[in-house]
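No hydrogens, no waters, no symmetry mates; every other heavy atom, side chains included, goes into these values. A note on names: the letters A, B, ... follow the listed sequences, proteins ahead of strands, and every chain is numbered from 1.
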Protein chains: 2
Amino acid sequence: MSNPKKKQLLETGKSLFWKYGFKRVTIEEICAEANVSKMTYYKYFSNKMELVKAIMEKMLTNSMEKYKSIMNSDVPFTEKIEKQLQMKMEGTMDISSEFIDDLMIHGEPEMMEYMNEMTQKVLGIIYQDYVNAQRRGEIRKDVKPEFIIYFLNHLYDMIKDENLLKMYENPNEMAMELTRFFFYGIANRDKSPIG
Amino acid sequence: MSNPKKKQLLETGKSLFWKYGFKRVTIEEICAEANVSKMTYYKYFSNKMELVKAIMEKMLTNSMEKYKSIMNSDVPFTEKIEKQLQMKMEGTMDISSEFIDDLMIHGEPEMMEYMNEMTQKVLGIIYQDYVNAQRRGEIRKDVKPEFIIYFLNHLYDMIKDENLLKMYENPNEMAMELTRFFFYGIANRDKSPIG
DNA sequence: TAATATTTTACGAAAAAAGTAAAATAAAAC
DNA sequence: GTTTTATTTTACTTTTTTCGTAAAATATTA
């Protein structure tokens, strides 16, 4: 990041959004905390959502970078999955529940659209990874790649399902469960057909 | 608490205030979360501050009850102090930092006044305890009771001092330090003149 | 059924936040 | 040291949110 003022805004924004969710945080509050004037804020971001997006984007970029480095490493597929479950879900992708609440439950239409774009983008990359994995015989050959995409899309819907969310202590736990299910099905993991 | 609706409001209010501080929480939000209509809210509390006060009062009552039960127990004075340091400061008196921030830094004049009233009330009780303790020889005889009050009042001011606050990880830690200092001075605790 | 409590709807008033323009300062580049 | 560029300050208008209330509808209890 070249600009120090912009960087300050991104960092302060993130820390405040993480604590309170972005609905409760005002632009002026961010500016005050970041020691940046409101005018300068509007120079870089035309409104609050743009800052949210920028923060998301940055986070996603970091996240994807780590994801790729795992996927490109030379270890068995299952091991890659393990690493991702541990790292990506709870580590790098550490979205606070306050943030998720604002994002999902209080779903601003503009934000939802942006989220979908992002998701599609990410899915595209993940999709290719799974196609490759399939070619190398790392996952079952009799699974249609289309089904993978379909299911991943539904995973996204499930995350928004409050009834499902209730079953877990926090969104993270739910995400872990869904991902585990996605890769291993309900079969005993030790006897998984993947290997 | 007789009324279930009122109770709901107090509980939901507390949990939301504790998380976000009362500035960020709206009355309608509390109502929605508590499954109480806005009209019913205004039946019991004429505005947001009244709810805050009620919550504070309840908390303070519980707190004072425990305080008294310790002070009336038949153990050495130092032991009482120890118990209070442990329990009252971090346990029962568990005011969240978000709440304190709203209370102190963004000091609403109305709220400050209320806090002062409360403090005076509490100080009165504590003062008597110290007078009694002094009579029984549990604390130094050459300390003026007036000084105790004076210092306790200043303790309150110190808590508001941002520069002092910065020195500690959280307000609780600072409060502990101040209280310890108040009772033991800077002398080595094992060789304390109190006993 | 009558009396009471609670919610819904709908609204106007007040307060807070968003967003903008122009002048004043500060920082950097020349 | 002057000019350019970036940032802040001030002071405002507009928009949005929140507050608080009234009256009618619904639910609860006696």
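Atom P of nucleotide C:dG19 and atom CD1 of A:I30 are separated by 12 Å, given to the nearest angstrom. In this structure, A:L51 places its CG atom 17 Å from P of C:dA17, rounding to the nearest Å. In this structure, the OH atom of B:Y41 is 19 Å from the C1' atom of C:dA5, given to the nearest Å. Distance NZ (A:K6) to P (D:dT7): 12 Å, rounded to an integer number of Å. Spacing between atom CZ of B:F45 and atom C1' of C:dT6 amounts to 16 Å, rounded to whole angstrom units.
In the helix from C:dT1-D:dA30 to C:dC30-D:dG1, the terminal helix axes, each the rotation mapping four pairs' C1' atoms onto the next four within five end pairs, subtend 40°, rounded to 10°.
Residue contacts shown for B:Y44 are limited to sugar-phosphate atoms, with no base heavy atom under 4.0 Å away.
With respect to the salt-bridge test (charged N to carboxylate O, under 4.0 angstrom), the residues A:K53 and A:E50 qualify.
In this structure A:E57 satisfies the side-chain contact (heavy atoms from CB on, under 4.5 Å) test together with A:T61, A:Y114, A:M118, A:K121, sequence neighbours excluded. A:S37 meets the side-chain contact (heavy atoms from CB on, under 4.5 Å) test with A:M39, A:T40; sequence neighbours excluded. Take A:Y42 and apply the side chain to side chain donor-acceptor pair (under 3.5 Å) test, not counting sequence neighbours, and it matches no residue. Remark: B:K43 engages no residue in a side-chain contact (heavy atoms from CB on, under 4.5 Å) (not counting sequence neighbours). Here A:A34 pairs with A:Q8, A:L9, A:T12, A:V36 under the side-chain contact (heavy atoms from CB on, under 4.5 Å) rule; sequence neighbours left out. Under the salt bridge (charged side-chain N to carboxylate O under 4.0 Å, His left out) criterion, B:E28 pairs with B:K38, sequence neighbours left out. Evaluation of the side chain to side chain donor-acceptor pair (under 3.5 Å) rule for A:E29 yields B:R24 as partners, not counting sequence neighbours.
Taking side-chain N and O atoms only, A:K43 has no distance below 4.0 Å to OP1 or OP2 of D:dT8. Dashed line: the shortest gap from a side-chain N or O of A:T40 to OP1 or OP2 of D:dT7 is not under 4.0 Å.
The side-chain heavy atoms of B:Y20 and A:K19, taken from C-beta on, include no pair separated by under 4.5 Å.
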(request) Classify every nucleotide of nucleotides 11-30 of chain D by which part a protein heavy atom approaches to under 4.0 Å, writing B for the base, S for the sugar-phosphate alone and - for neither, in 5'-to-3' order. (result) -------SBBBB--------

